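Ligands are counted one by one from 1 in listed order, and the atoms in each one are counted from 1 as well. All of these numbers come straight from a predicted model, not from anything done at the bench.
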Amino acid sequence: MIIDGKAIADSIEQEISSKIAGEVFHRRPGLAVVLIGELAPSHAYVKMKKKGCDRVGINSYIYQFDENISEHDLLSTIQDLNGDEKIDGILVQLPLPDHILPHKIFASIDPGKDIDGFNPVNMGKILLGMSDGFCPCTPLGIKLLFEKLSIDLTGKNVTILGRSNIVGKPLAALLMQNSPGLNATVTLAHSKTKDLQAVCHRADVLVAAIGIPQFITREYIKQGAVVIDVGINRVDDPDAKTGYRLVGDVDFHSVFEKCSLITPVPKGVGPMTIASLLLNTWTSFRRRI
Ligand code: GUN
């Protein structure tokens with residue numbers, strides 16, 4: 001069966017929207033998005049985030065900068081946003097230009113406004129199982145997918161492919177947590193993992209987050225496994241209006257018949273990431289008002 005990530009995300013957005021509209025607040029939640037440079041995918045993601053904010057009633061503020069912005073100027077913008085009362089969430093869109101160190105930028109964001117969950121304080125809280133921080137949006141979206149689909153991970157073998165700070169590492173920490181519905185036995189595989197096919201084949205749940213188009217084929221999949229595809233890759237397609245189409249890290253057609261559940265690309269994990277961003281911004285707003 002195909003998991004309809006879009007429908008699940010829509011239901012979460014509906015809940016957020018009702019909460020925002022359902023009470024009288026003296027202001028709306030506010031999300032600041034910092035966008036640097038001209039990368040087309042980054043601009044597309046920010047546009048989708050802004051549209052999501054519009055749908056649920058969050059005010060979004062886009063701060064756009066030339067790719068030559070100095071680290072100093074970026075840090076000073078973040079300081080301003082940290083002190084800005086109308087802003088509940090600060091998101092600095094990745095990737096950043098080479099001359100700017102992401103760690104330094106994320107460490108400068110007020111942890112209470114760090115709705116991306118990339119500040120070391122919030123990363124630490126995920127590892128410690130503390131729920132008063134913020135969980136990065138894609139891992140949170142995947143956890144919510146399991147919850148909404150009543151998939152209990154207790155004792156299951158979950159293999160995560162990819163050790164990024166955005167997805168792999170925080171997701172591993174989240175799913176291994178001693179908490180109802182989680183308690184997974186997590187394997188974090190990466191580019192240096194030996195016999196990757198065998199490691200993936202053990203998985204009851206396989207999460208692909210390596211950024212290689214259609215890398216995972218049926219040989220990697222255990223019969224009846226749940227497959228979560230985090231990849232969003234642009235591949236050339238002369239027949240498409242845009243000249244490209246989006247594919248995941250999983251070869252959908254090869255894998256589909258062998259797994260029990262699979263997220264498509266698009267309309268799988270992507271909308272859940274956006275819904276989680278809106279949820280984190282709402283959570284921050286509730287904590288701050
Ligand atoms: N670029 C790709 N994914 C993300 C994300 O989750 N947050 C930010 N800030 N940038 C990204």
Side-chain angles (χ1 to χ4, degrees), residues 5 9 12 31-53 58 60-65 67 69 74-75 77-78 81-82 87-98 100-111 113-123 126 133-145 160 162-174 207-213 228-234 246 248-249 263 265-266 268-281 283-284:
I12 294 170
L31 173 67
V33 179
V34 178
L35 173 60
I36 299 163
E38 297 305 327
L39 284 177
S42 291
H43 279 254
Y45 292 141
V46 167
K47 204 168 150 187
M48 286 194 281
K49 290 168 185 177
K50 182 185 172 351
K51 278 188 179 169
C53 287
I58 292 173
S60 61
Y61 306 87
I62 315 287
Y63 296 82
Q64 223 171 307
F65 296 103
E67 67 176 349
I69 185 176
L74 181 55
L75 288 169
T77 299
I78 289 169
L81 294 171
N82 283 342
I87 299 297
D88 301 292
I90 302 169
L91 181 149
V92 179
Q93 184 64 32
L94 292 173
L96 294 173
D98 290 344
I100 296 177
L101 287 175
H103 290 316
K104 205 163 161 184
I105 302 306
F106 290 115
S108 76
I109 296 176
D110 175 350
K113 294 189 176 187
D114 172 39
I115 42 67
D116 243 338
F118 297 160
N119 181 289
V121 170
N122 286 317
M123 278 288 177
I126 296 284
F134 290 105
C135 179
C137 300
T138 300
L140 177 58
I142 294 171
K143 185 188 132 179
L144 291 171
L145 262 189
I160 302 168
R163 56 180 153 181
S164 71
N165 291 331
I166 299 180
V167 182
K169 282 189 217 168
L171 183 64
L174 199 59
V207 182
I210 36 169
I212 306 175
I228 306 293
D229 191 351
V230 181
I232 305 177
N233 308 289
R234 288 183 178 203
L246 296 179
D249 292 350
T263 60
V265 176
V269 172
M272 292 300 295
T273 298
I274 305 243
S276 300
L277 170 67
L278 305 175
L279 191 59
N280 277 349
T281 306
T283 301
S284 176

**Complete:** Within 4.0 Å of some non-hydrogen atom of L91, the atoms of ligand 1 are 9 (N)
**Item:** Protein heavy-atom partner closest to atom 2 (C) of ligand 1 - residue, atom, separation in Å
**Value:** Q93 NE2, 4.1 Å
**Request:** For ligand 1, note which part of Y45 has a heavy atom under 4.0 Å away: side chain, backbone, both or neither.
**Result:** neither
**Request:** Measure from atom 1 (N) of ligand 1 to every heavy atom in L39, V46, L94 and give the option owning the shortest one.
**Result:** L94
**Asked** Considering distance alone, does some N or O of D116 sit under 3.5 Å from an N or O of ligand 1?
**Response** yes
**Request:** Give the intermediate values and the outcome of side-chain contact (heavy atoms from CB on, under 4.5 Å) for residues F118 and I105.
**Result:** CA-CA 10 Å; F118 297 160; I105 302 306; over 6 Å; no
**Message:** Between L144 and S276, is there a side-chain heavy-atom distance shorter than 4.5 Å?
**Reply:** yes
**Item:** ligand 1-proximal atoms of V92, by part, heavy-atom distance under 4.0 Å
**Value:** backbone
**Message:** Quick test of your reading of the structure: of T138, V167, I166, whose heavy atom lies closest to atom 4 (C) of ligand 1?
**Reply:** I166
**Request:** Applying side-chain contact (heavy atoms from CB on, under 4.5 Å), run through I142 and T263 and close with a yes or a no.
**Result:** CA-CA 10 Å; I142 294 171; T263 60; over 6 Å; no
**Prompt:** Within a strict 4.5 Å, meaning less than it, do heavy atoms of the I78 and V92 side chains meet?
**Reply:** yes
**Asked** So, D114 side chain and F106 main chain: donor-acceptor pair closer than 3.5 Å or not?
**Response** no
**Request:** Run through L81, L91, I62 and flag the one making a side-chain contact (heavy atoms from CB on, under 4.5 Å) with V34.
**Result:** L81
